[in-house]
Colleague: 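Quick one: the structure is below, questions incoming.
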Protein chains: 2
Amino acid sequence: MHDWREYDQNPVSHSAAHHLVAIAELLVEFGYARVSDVARNLGITRGSVSVTLKGLKARGLVTEDERRFLGLSEEGERIARGVMAKKQVLMGLLMDLLGVPEELADQDTCKIEHLVSDETAERASRALLFLRSGAKEAVAFVDALQKFGRQGAPESFPSKEVEALAREIARETEDSEEGK
Amino acid sequence: MHDWREYDQNPVSHSAAHHLVAIAELLVEFGYARVSDVARNLGITRGSVSVTLKGLKARGLVTEDERRFLGLSEEGERIARGVMAKKQVLMGLLMDLLGVPEELADQDTCKIEHLVSDETAERASRALLFLRSGAKEAVAFVDALQKFGRQGAPESFPSKEVEALAREIARETEDSEEGK
DNA sequence: TCAAGTTGTTTGGCATGCCAAACAACTCTA
DNA sequence: TAGAGTTGTTTGGCATGCCAAACAACTTGA
């Protein structure tokens, strides 16, 4: 089994990801981004942003010109674009496939956007593209899933049924591990 | 827009969730759980576990008998079961629906298992149950998706195509926000 | 029985990431 | 041009969550 603490072994932390995305968004929306703008965007103090950006500048992800306008390096922009794309793809999947309300989908994806691996995100993108392609299998599936989902009352999670499902999956993956 | 820092406003932290799950797993597997067992299970020191469990005991999630054997309160067990169920459901979806390899699915789900809301997890469970029900729409969908996914080379994330998709979704959700 | 090993706790340290408050440097405006 | 406001930085503080090391309390084996 792998080390469960990988949650903080990501290329960028949750905090850093949000700083990069904030800069990217501000650049698109206003054409510039300063420490104060980032702080306002993230709802934290200028001091905190100042300290965090010092690290991101040192890592070559964030740039600053002589007038203290912030920018993103090639790498920094790549990371920001990746996080933003993951966020949108996950939003799309949660809403279009699972029928999660937008508000909740926003909360959930915000927490996990920067944690999903590129490969999983790529696969999720493919699924979402297919889902939105209008292919008859996709339409039929969403339709049938919607009807299927209406069964059973919304008890507290996890329901007995879900726990049985979880046990089943656990058993299957344990089986596959034995064979190593 | 909601506060992006909700990532740490969860009922239990990533760390706490893993401690609870470890106890639950040890109880099932060996019938008992002590501080040392939890430490070994999580790959951290006894000292760290001791400190963390002090907090969980104070919060009434973890119990301890006179022989220093650990247990879970009703609430603690509910949380542990919820996290474990979410983990398995996400594993199932990533592997069965998206075709993510088990090893990677394990890493990804480990990072997000405790962050997904109950409602989203419930909906995900429904989707997975349907997917595994053998319904013809489910089978046809997975089949068609697999073929669809084979298109395009695995470039670096996010591909141009995915970025276009992301922009589209962003535009749609922004539209729906205007109307509020 | 007594030395050796195991167990749980405490302590001080480190890293991340936030805050408030004090500061210096700038830009307006009256 | 002086006062007021804005900006970015620094400082000390707090919370989480990990470590190593030292410790006391136990079990266990020769």
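In what follows, chains carry the letters A, B, and so on, assigned in the order in which the sequence lines appear, proteins first and then strands, with residues in each chain numbered from 1.
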Colleague: Looking just at side-chain N and O atoms, do B:T45 and B:S48 make a donor-acceptor pair shorter than 3.5 Å?
Modeller: yes
Colleague: For A:E168 and B:R132: C-alpha separation, side-chain torsions, deciding distance, then whether salt bridge (Lys or Arg N to Asp or Glu O under 4.0 Å) applies.
Modeller: CA-CA 11 Å; A:E168 210 174 298; B:R132 295 164 68 99; 3.1 Å; yes
Colleague: Can you tell me how far C1' of D:dT7 sits from CG of A:L26, to the nearest Å?
Modeller: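 Taking CG of A:L26 and C1' of D:dT7, I get 16 Å after rounding.
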Colleague: With rounding to the nearest 0.5 Å, note down the distance linking OG1 in A:T109 to CD in A:E102.
Modeller: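 The distance works out to 9.5 Å.
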Colleague: Between A:R126 and B:E161, does any NZ, NE, NH1 or NH2 come within less than 4.0 Å of an OD or OE carboxylate oxygen?
Modeller: yes
Colleague: Please determine, by modelled atom types, if A:S117 and B:Q107 share a side-chain donor-acceptor pair under 3.5 angstrom.
Modeller: no
Colleague: Under a 3.5 Å distance rule, please check whether A:S73 uses its side chain to pair with a backbone N or O of A:G60 as donor and acceptor.
Modeller: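 Yes: the side chain of A:S73 pairs with the backbone of A:G60.
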Colleague: Looking only at heavy atoms, which two atoms of B:A80 and B:L72 are closest? And how far apart?
Modeller: CB-CD1, 4.1 Å
Colleague: Expected output is a numbered-order residue list: members of residues 63-70 of chain A with a heavy atom under 4.0 Å from any atom of DNA chain C. What is it?
Modeller: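 Per residue number, the list is empty: none.
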Colleague: Have a look at B:L20 and tell me which of B:V38, B:L61, B:L53 forms a side chain to side chain contact (heavy atoms under 4.5 Å, CB included) with it.
Modeller: B:L61
Colleague: Using atom types as modelled and distance alone, determine if a side-chain donor or acceptor of B:D108 lies under 3.5 Å from a backbone N or O of B:A105.
Modeller: no
Colleague: Between protein and nucleotides 22-24 of chain D, what N or O pairs are separated by less than 3.5 Å?
Modeller:
none

Colleague: Kindly calculate the angle separating the two end axes of the helix from C:dT1-D:dA30 to C:dA30-D:dT1, each obtained from five base pairs, and round it to 10 degrees.
Modeller: 10°
Colleague: Would you kindly give the NE2-to-P distance between B:H14 and C:dG17, to the nearest whole Å?
Modeller: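 Result: 15 Å.
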Colleague: Please name all residues satisfying side-chain hydrogen bond (donor to acceptor under 3.5 Å, both in side chains) with B:R46, sequence neighbours left out, ordered by chain then number.
Modeller: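 With neighbours one apart ignored, the set is empty.
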Colleague: Please report the distance, rounded to the nearest Å, between CD1 in B:I44 and C1' in D:dA21.
Modeller: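 It works out to 17 Å between those atoms.
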Colleague: Give a yes/no answer on whether the side chain of B:S13 brings an N or O atom under 4.0 Å of OP1 or OP2 in D:dG17.
Modeller: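 Indeed, a polar side-chain atom of B:S13 lies that close.
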Colleague: Measure from OH on A:Y32 to C1' on D:dG8 and round the result to the nearest Å.
Modeller: 15 Å
Colleague: Can you measure A:N41 atom CG to D:dT7 atom P for me and round it to whole angstrom units?
Modeller: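 The distance from CG of A:N41 to P of D:dT7 comes to 15 Å, rounded to the nearest Å.
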Colleague: Taking OP1 and OP2 of C:dT6, is either one under 4.0 Å from a side-chain nitrogen or oxygen of B:S36?
Modeller: no
Colleague: Rounded to whole angstrom units, what separation is found between the NE2 atom of B:H114 and the P atom of D:dT16?
Modeller: 15 Å
Colleague: Is it true that A:R78 and A:E74 make a salt bridge, defined as a side-chain N closer than 4.0 Å to a carboxylate O?
Modeller: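 Looking at A:R78 and A:E74, the cut-off is not met.
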Colleague: Verify side chain to side chain contact (heavy atoms under 4.5 Å, CB included) between B:K87 and B:D106, making sure each step is shown before the conclusion.
Modeller: CA-CA 9 Å; B:K87 161 105 187 174; B:D106 190 45; 2.9 Å; yes
Colleague: Separation of A:D37 atom CG from D:dT7 atom P, in whole Å?
Modeller: 7 Å
Colleague: If you check the B:H19 side chain, which of C:dC19, C:dG17, D:dC18 turns out closest?
Modeller: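 The answer is D:dC18.
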Colleague: What residues in residues 47-58 of chain B put a non-hydrogen atom under 4.0 Å from any atom of DNA chain D?
Modeller: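 Here the set is B:S48, B:T52.
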Colleague: Same cluster or not: A:F30 versus A:L42, using hydrophobic residues (I, L, V, M, F, W, Y) connected whenever any side-chain heavy atoms lie under 4.5 Å apart?
Modeller: yes
Colleague: Given C:dT16, is OP1 or OP2 found less than 4.0 Å from the side-chain N or O atoms of A:S15?
Modeller: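 For C:dT16, OP1/OP2 do not have a side-chain N/O of A:S15 under 4.0 Å.
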Colleague: Once ring-ring contact (aromatic ring centres under 6.0 Å, His included) is applied, do any residues pair with B:F130, and if so which ones, sequence neighbours excluded?
Modeller: A:F141, A:F148
